[in-house]
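This report refers to the structure that appears directly beneath it.
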Amino acid sequence: MVSSFSKKVLKVVRAIPKGRILSYQMVARKAGKPNAARAVGSIMKRNYDPAIPCHRVVPSSAFVLGTNKLVSADSKVIARKLGHYNRGHERKVALLIAEGAIK
DNA sequence: CGATTGACCAGTG
DNA sequence: GCACTGGCCAATC
């Protein structure tokens with residue numbers, strides 16, 4: 001079951017070009033709900049699709065920092081710096097680096 | 001249908 | 001600069 005909002009979110013994320021990285025909040029804003037960043041994460045988690053590059057979506061913390069430090073990462077650090085990922089944060093980081101999204 | 005949870009964000013100590 | 005708190009929204013229990 002997909003509400004309009006979730007559908008929009010998925011669409012927006014899927015439309016993110018290579019090498020481009022957006023924060024959950026920006027995605028939410030594009031979907032029409034600037035304050036629904038949390039909902040975006042929830043939706044992706046329950047509605048993850050292989051065509052949806054969730055690795056191109058990161059929390060504002062990482063976006064603002066720009067200089068993502070790929071440190072070891074305790075669960076806490078992951079949530080605060082890079083956010084989660086279905087296939088593991090290592091995969092996410094690797095993909096982002098490969099695309100040049102992360103310095 | 002009411003309550004809880006969770007891939008978040010911004011503000012404060 | 002890091003840790004804790006309150007607030008928003010949709011999905012799940």
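Below, chains carry the letters A, B, ... as their sequence lines are ordered, and counting in each starts from 1.
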Quick check: does any side chain N or O of [X] sit under 3.5 Å from a backbone N or O of [Y], one acting as donor and the other as acceptor?
{"X": "A:Lys92", "Y": "A:Val57", "result": "yes"}
{"X": "A:Arg56", "Y": "A:Ile16", "result": "yes"}
{"X": "A:Lys81", "Y": "A:Ala62", "result": "no"}

Original post:
When you check the gap from the basic side-chain N to the acidic O, do A:Arg20 and A:Glu99 get nearer than 4.0 Å?
Top reply: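 Not counted as a salt bridge, because no side-chain N and carboxylate O are separated by less than 4.0 Å.
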Original post:
What residues, two or more places apart in sequence or in another chain, satisfy side chain to side chain contact (heavy atoms under 4.5 Å, CB included) together with A:Ala36?
Top reply: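 Applying side chain to side chain contact (heavy atoms under 4.5 Å, CB included) to A:Ala36 gives A:Phe5, A:Ala28, A:Lys33, A:Ala39.
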Original post:
Can you find a donor-acceptor N/O pair under 3.5 angstrom joining the side chain of A:Asn47 to the base of C:dA11?
Top reply: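 Looking at the base of C:dA11, it does not pair with any donor or acceptor on the side chain of A:Asn47 (distance under 3.5 Å).
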**OP:** Hey, which sits more toward the 5' end of DNA chain C by its nearest nucleotide, A:Ala36 or A:Arg46?
**Re:**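 By nearest-heavy-atom nucleotide position, the 5'-most residue is A:Ala36.
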**OP:** Examine A:Leu82 and A:Met26 and state if one hydrophobic cluster contains both, with Ile, Leu, Val, Met, Phe, Trp and Tyr joined whenever side-chain heavy atoms are less than 4.5 Å apart.
**Re:**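 Same cluster: A:Leu82 reaches A:Met26 through Ile, Leu, Val, Met, Phe, Trp or Tyr contacts under 4.5 Å.
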**OP:** Pick base, sugar-phosphate or nothing for A:Lys45, based on heavy-atom distances below 4.0 Å to the nucleic acid.
**Re:**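 Touches a base.
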Could you tell me how far apart [X] ([atom1]) and [N] ([atom2]) are, to the nearest whole angstrom?
{"X": "A:Arg87", "N": "B:dA7", "atom1": "CZ", "atom2": "P", "value": "18 Å"}
{"X": "A:Lys7", "N": "C:dA10", "atom1": "NZ", "atom2": "P", "value": "16 Å"}
{"X": "A:Asn35", "N": "C:dG7", "atom1": "CG", "atom2": "P", "value": "13 Å"}

Original post:
Which nucleotides of nucleotides 8-13 of chain B have their base under 4.0 Å from a protein heavy atom (B), which only their sugar-phosphate (S), and which neither (-), written as one string 5' to 3'?
Top reply: BSS---
